[in-house]
Every structure is written in C-alpha cells, then in structure tokens.
Peer 1: 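One structure coming up, written as structure tokens, with questions to follow.
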There are 2 protein chains.
Amino acid sequence: MDSLVKRIGYYSEVDSHAFESIKRLTHKIETRSPGQEIVVEGEHVDFVFVVVSGWAIRFRMMDDGRRQILNFMLPGDCFDLMAIGRARSDHSVSAASDVTLRRIRADDFMKTISNDPQLATSFWWAAIQEEAILREQIVRVGRRTARERVGHLILELNRRVAAVTGELSDHLALPVPQALFADALGLSIVHVSRTLSRLKADGLVRTTRAGIEIMNRKKLSELCDFDSRYLHLEKLKFKPYGRTTPD
Amino acid sequence: MDSLVKRIGYYSEVDSHAFESIKRLTHKIETRSPGQEIVVEGEHVDFVFVVVSGWAIRFRMMDDGRRQILNFMLPGDCFDLMAIGRARSDHSVSAASDVTLRRIRADDFMKTISNDPQLATSFWWAAIQEEAILREQIVRVGRRTARERVGHLILELNRRVAAVTGELSDHLALPVPQALFADALGLSIVHVSRTLSRLKADGLVRTTRAGIEIMNRKKLSELCDFDSRYLHLEKLKFKPYGRTTPD
DNA sequence: CGCGGGTTTGAATGAGTTCAATCACGGTGG
DNA sequence: CCACCGTGATTGAACTCATTCAAACCCGCG
C-alpha cells in the first residue's frame with residue numbers, strides 16, 4: 001500500500017482524504033511465487049491488481065515457446081487500468097519473483113476513482129507513464145544494440161524504483177534471474193551474460209549477490225542514450241478537464 | 001471524417017446524435033507531405049489530430065540518426081488521446097505519405113467527449129486498441145524473425161485498413177516506401193527487401209505498383225503466428241462505469 | 001559432500017547488416 | 001517522343017553481432 005501511495009502521489013497532489021478512500025477499498029492480499037499466473041491471456045479482467053512487493057511481468061508467449069516480456073511491474077505499479085471489465089486480456093501477467101499483490105474489484109475501484117478527481121488524475125497519469133514505457137521498450141528492442149539494451153533497462157528500472165522509494169540509489173536490487181532480462185530485451189540468456197560482463201569490464205556496472213551497482217551513471221547513460229524524460233517523472237500540475245471516459 | 005466515423009463506430013453503438021456532436025467540433029483541415037512534422041517530441045500537445053487520408057507515423061529518433069517507428073497511423077486513427085494538454089510528447093509524429101488531418105482543440109474535444117458517454121466509450125476503446133498494437137509491436141520486434149515481422153506487419157495493416165473500409169481485402173495499398181517498414185520492424189532496408197522477395201518466391205504475397213497482394217492468407221498467418229485477437233476488433237458491448245478520469 | 005538452479009565461457013553457426021553496384025520506373029525537359 | 005534523372009528497390013559479397021550447443025563453473029542449501 002505504501003508503495004502505491006508513493007507511486008501515485010508522485011505525480012499529483014493527493015490529499016489525505018483521497019488516500020483514505022484508496023485504503024478503504026475492499027481488497028484481498030494475495031501472494032504468488034515465481035512463474036505463477038496472475039492474469040491469463042484471453043480472459044476477462046475483473047480485478048485491478050497493485051503490486052505490493054516483489055516483481056511481476058507482463059508478457060506474451062508464442063506457440064513454440066518464445067517469450068517476450070512487455071514490461072516489468074514493480075511495487076506500486078498497477079494493472080490493468082485501461083482494459084478492466086471490458087476487453088479480454090491480450091497478454092498474461094505472472095509473478096517474476098515472490099510477489100505480494102493487492103486485488104481490488106474493478107467496479108469498486110472505478111467507483112472510487114470516479115468520485116475523486118484527484119485520484120483519477122493520478123491513476124490517469126500512471127497509465128500515461130505506462131504507455132510511455134511501452135513505447136521506449138519498442139525503441140530499445142527495435143533499434144538498440146545489446147549493450148545499449150542492457151544498460152538502458154538497468155537505468156530505467158533504477159529510476160522506476162527511485163520513483164517509489166523516493167531516492168535515487170546507485171544500487172538496483174534484482175529479484176529476478178537474468179533469463180528475464182533476455183526475454184525482455186529480445187536477446188539470448190548467453191548474450192545478456194556476455195554483455196553484462198563487458199559492461200563490468202568497462203567499469204560501468206558491478207554485479208553483487210542479487211543486484212547491480214551502477215558505477216558510472218553518466219557514462220552509462222550516454223552510452224545507452226538513456227534520457228529519463230520518457231518516464232514523465234516531473235510533478236504534474238493539476239489541470240482538470242470535463243469527464244473523459246464512459247459514464 | 002468518414003473514416004473516423006467508421007473507425008470509432010466499429011467498437012460501439014454510436015447514435016446519430018453523437019456523430020453530430022463530433023461533426024460540430026470546430027476543427028481545421030491540414031495537409032502534410034511525406035516527412036513533415038505533425039507533433040514534435042518534447043512539445044506540449046494541445047490538439048487532437050485525426051488522420052483523414054494518407055498515413056502518418058509515430059516515431060522516436062536517436063542521436064546518431066537511428067529511427068524507430070512505433071506505429072503507423074491510418075485514416076480514422078487519432079492521437080494523442082491520452083496525453084493531451086498534460087504531458088510533453090515523448091515521441092514525434094510525421095506524415096509518412098501525403099496526409100490530410102483534422103485538427104481539433106484539445107479542450108473542445110474533451111468537453112464534447114465528456115458530455116457523451118457513448119462517444120467516450122468509443123474513443124476509450126480506440127485507446128485500448130492502440131495500446132494493444134504497441135504491445136504487439138514489442139513482440140514483433142523482440143522475438144520474431146525478419147520473415148515473421150514482415151508478414152505480421154502486412155497482416156496487421158491489412159486488418160486495420162479493413163476495420164475502416166468495412167471489408168477485408170487481399171490487397172493492401174502501401175503509400176509509403178519500404179524504408180519505413182525497415183524502421184518499424186527494426187531491420188535494414190536491404191533485409192526487408194530480401195525478406196519480401198522470399199515471401200514472394202514462396203507464393204505468399206505478390207507486390208504490385210503501390211501495394212501488396214496477399215496470396216495465401218492462411219499460410220501467411222500461420223507462418224507469422226498472426227492472431228488478430230490482439231486488435232480487439234470484436235464489437236464492444238456498452239457497459240458504463242462511473243467517471244474514470246480527471247474531472 | 002553433492003545436488004541444482006542460475007551464470008559463465010568457448011567454439012561453431014547463422015541471421016541480419018553494410019557497402020556498393022545495379023536495376024526499375026515514373027517524371028521532366030529538350 | 002525520347003533521353004535523362006532521381007528515388008526507391010534489388011542483388012552480391014564480406015562482415016558482424018548475436019545465437020546455439022555444450023561444457024564448466026559458482027554458490028547456496030539440504
């Protein structure tokens with residue numbers, strides 16, 4: 001919950017009253033171990049999930065077993081804001097590490113959101129950000145070299161964690177195996193390993209027991225053409241419109 | 001305009017009254033020739049654009065000139081529903097062919113949408129669909145072979161055109177050079193050409209003056225693992241919630 | 001100590017790129 | 001009407017980056 005508050009509060013002023021309404025939402029805490037499903041491709045989505053702790057992944061499988069990870073879901077992230085209750089999910093969501101989730105009924109969630117413009121703005125903003133991350137993922141996989149991909153993803157995750165913890169650390173805790181990096185970056189496990197080794201050899205990063213240390217952020221950012229603006233982390237000024245969605 | 005109506009009306013029942021409100025929207029018709037900018041990365045987005053005719057592209061440029069096309073915008077498509085008036089655009093939009101656009105002021109648009117739940121649903125649905133297309137683009141570029149990428153994109157564009165014209169034709173008119181396919185698929189121009197040749201040699205497609213003929217849809221679809229469900233083309237049942245966005 | 005998941009390393013292979021030349025074709029001007 | 005031009009498409013040859021397969025390694029854990 002705390003991470004959700006941090007994450008959502010990052011973008012716009014959300015007063016204590018609004019937080020109270022989130023907290024009052026009936027919900028169920030669930031846990032999953034690595035690999036377990038959360039949302040299955042092809043099924044209707046009747047719940048909003050919020051990651052409390054651990055990582056989850058959105059992904060699509062191909063018939064022959066190839067897997068593409070669309071995005072990592074970190075604590076504070078939620079899904080599927082957009083498609084709830086309407087569409088069949090076109091991708092799956094699974095636990096990447098041990099993960100704790102808050103499950104909220106879609107219509108409860110929507111009702112709460114509808115009654116609080118500030119909350120609505122915050123979640124809307126989170127959805128914008130998520131779409132931006134998808135777009136960057138396309139660029140990363142489509143036009144970047146392996147080296148750039150790996151570095152770029154590390155920097156993105158690092159920033160996203162910072163948005164929730166509130167401080168930008170040079171250490172990125174990685175609760176997931178490198179195989180997931182491979183499937184996220186469209187590379188083979190072997191090549192991810194080799195590429196990381198090269199980054200290490202160049203003094204850009206260091207790997208620790210379960211994480212990555214960013215040794216030279218500036219050089220790494222340049223090397224990977226990383227520009228955090230796409231994450232839309234600037235504070236949002238509250239600027240209401242009329243209602244913008246189905247009533 | 002007609003294409004917008006077709007496109008938007010595809011997903012949900014939109015009565016004549018709703019269409020009237022769209023039509024009444026003050027707007028400006030603009031034209032662009034190939035390469036000209038429509039939305040520039042980093043700038044605020046104060047207008048909603050709807051493609052009337054021709055193709056546009058959303059894309060990101062890298063410093064050294066590499067370009068990744070995120071998505072093609074076909075007649076009836078609109079942008080940027082999500083980010084209007086709030087964020088700086090994290091990508092650019094340009095004309096891919098000669099293109100005609102309808103430009104609508106963001107707040108006018110929002111006001112109209114807010115007052116018509118059915119319209120709101122339709123546009124909401126279009127946004128869901130667009131996000132799904134982005135996700136599929138990630139899979140395409142991340143985990144598919146060149147052959148699969150090319151075939152898959154052809155099939156997607158073919159379907160999307162069909163959603164506007166109302167009938168699924170085996171001929172896909174291509175108003176853009178192959179170079180754009182390359183930048184969309186994360187391949188070199190040369191390899192797109194080679195790959196298309198191979199598809200031709202296998203009797204799967206044929207290229208005509210300014211288009212592609214799909215010779216064997218079934219085989220091509222299997223070969224490319226194309227499953228149109230991600231396009232969410234099923235008719236939407238109207239199922240209102242409360243307001244879901246900033247008020 | 002030995003097992004097992006995850007990571008690393010090496011060697012051979014392969015898919016896709018690059019560079020450069022050629023080709024096809026529609027448009028233009030003489 | 002035809003020669004010329006330019007853009008975009010195609011082809012070939014050499015090369016590079018990433019994959020594959022297989023073996024070795026590392027380390028936490030029972």
Peer 1: Closest approach to the side chain of A/V190, judged atom by atom: which nucleotide of C/dA20, D/dA18, D/dA22 is it?
Peer 2: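 My answer, after comparing the listed nucleotides, is D/dA22.
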Peer 1: Please report the distance, rounded to the nearest Å, between CZ in B/R143 and P in D/dA18.
Peer 2: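 Rounding to the nearest Å, CZ of B/R143 and P of D/dA18 are 13 Å apart.
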Peer 1: If only side-chain N and O atoms of A/K200 are considered, is one of them under 4.0 Å from the OP1 or OP2 phosphate oxygen of C/dT7?
Peer 2: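 Checking A/K200 against C/dT7: no side-chain N or O falls below 4.0 Å of OP1 or OP2.
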Peer 1: Rounded to whole angstroms, how far apart are CG on A/L196 and P on C/dT7?
Peer 2: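 Taking CG of A/L196 and P of C/dT7, I get 10 Å after rounding.
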Peer 1: I'd like to know if A/D183 and B/R143 make a salt bridge, using a cut-off of under 4.0 Å between side-chain N and carboxylate O.
Peer 2: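 Looking at A/D183 and B/R143, the cut-off is met.
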Peer 1: Roughly how many Å is it from CZ in A/R209 to P in D/dC29, rounded to a whole number?
Peer 2: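 Computing the A/R209:CZ to D/dC29:P distance gives 14 Å.
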Peer 1: Can you label the angle between the B/F47 ring and the B/F49 ring as parallel, tilted or perpendicular, going by 30° and 60°?
Peer 2: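 Ring orientation, 0 to 90° scale: tilted.
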Peer 1: Atom CG of A/L180 to atom C1' of C/dT7: distance rounded to whole Å?
Peer 2: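 About 14 Å, once rounded to whole Å.
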Peer 1: Could you tell me the separation between the CD1 atom of B/I189 and the P atom of D/dG8, rounded to a whole number of Å?
Peer 2: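 Computing the B/I189:CD1 to D/dG8:P distance gives 9 Å.
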Peer 1: Name the closest nucleotide to the B/R194 side chain, picking from D/dT20, D/dG12, D/dA18.
Peer 2: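 Looking only at side-chain atoms, B/R194 lies closest to D/dG12.
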Peer 1: Rounded to whole angstroms, how far apart are CG on B/D183 and P on D/dA9?
Peer 2: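 Taking CG of B/D183 and P of D/dA9, I get 12 Å after rounding.
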Peer 1: Quick check: does any side chain N or O of A/Q68 sit under 3.5 Å from a backbone N or O of B/V141, one acting as donor and the other as acceptor?
Peer 2: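 Looks like no, no N/O pair under 3.5 Å.
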Peer 1: Do the ring planes of A/Y230 and A/H152 sit parallel (below 30°), tilted (30 to 60°) or perpendicular (above 60°)?
Peer 2: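 Plane angle under 30°, so parallel.
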Peer 1: Would you please confirm or rule out a distance under 4.0 Å between OP1 or OP2 of C/dT9 and any side-chain N or O of A/S197?
Peer 2: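 Answer yes for this pair, as a side-chain N or O of A/S197 is under 4.0 Å from OP1 or OP2.
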Peer 1: Taking atom P of C/dT18 as reference, at what distance in whole Å does atom NE2 of B/H191 sit?
Peer 2: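 Spelled out: NE2 on B/H191 to P on C/dT18 is 12 Å.
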Peer 1: Atom CD of B/E148 and atom C1' of C/dA15: how far apart are they, to the nearest Å?
Peer 2: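 Taking atom C1' of C/dA15 as the reference, CD of B/E148 is at 13 Å.
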Peer 1: Within the structure shown, what part of the strands sits under 4.0 Å from B/L187 by heavy-atom distance: base, sugar-phosphate, or nothing?
Peer 2: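 The answer is sugar-phosphate, as B/L187 gets under 4.0 Å only of primed atoms, P, OP1 or OP2.
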Peer 1: With side-chain contact (heavy atoms from CB on, under 4.5 Å) as the test, pick out the partner of A/N71 among A/E136, A/E130, A/H91, A/Q137.
Peer 2: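 Among A/E136, A/E130, A/H91, A/Q137, the one that satisfies the side-chain contact (heavy atoms from CB on, under 4.5 Å) with A/N71 is A/E130.
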Peer 1: Output yes when at least one side-chain N/O atom of A/T145 is less than 4.0 Å from OP1 or OP2 of D/dC17, else no.
Peer 2: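 False: A/T145 side-chain N/O out of range (4.0 Å or more) of D/dC17 OP1/OP2.
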Peer 1: Which nucleotide sits closest to the side chain of B/S188: C/dT8, C/dT17, C/dG16?
Peer 2: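 The nucleotide sitting nearest to the side chain is C/dT17.
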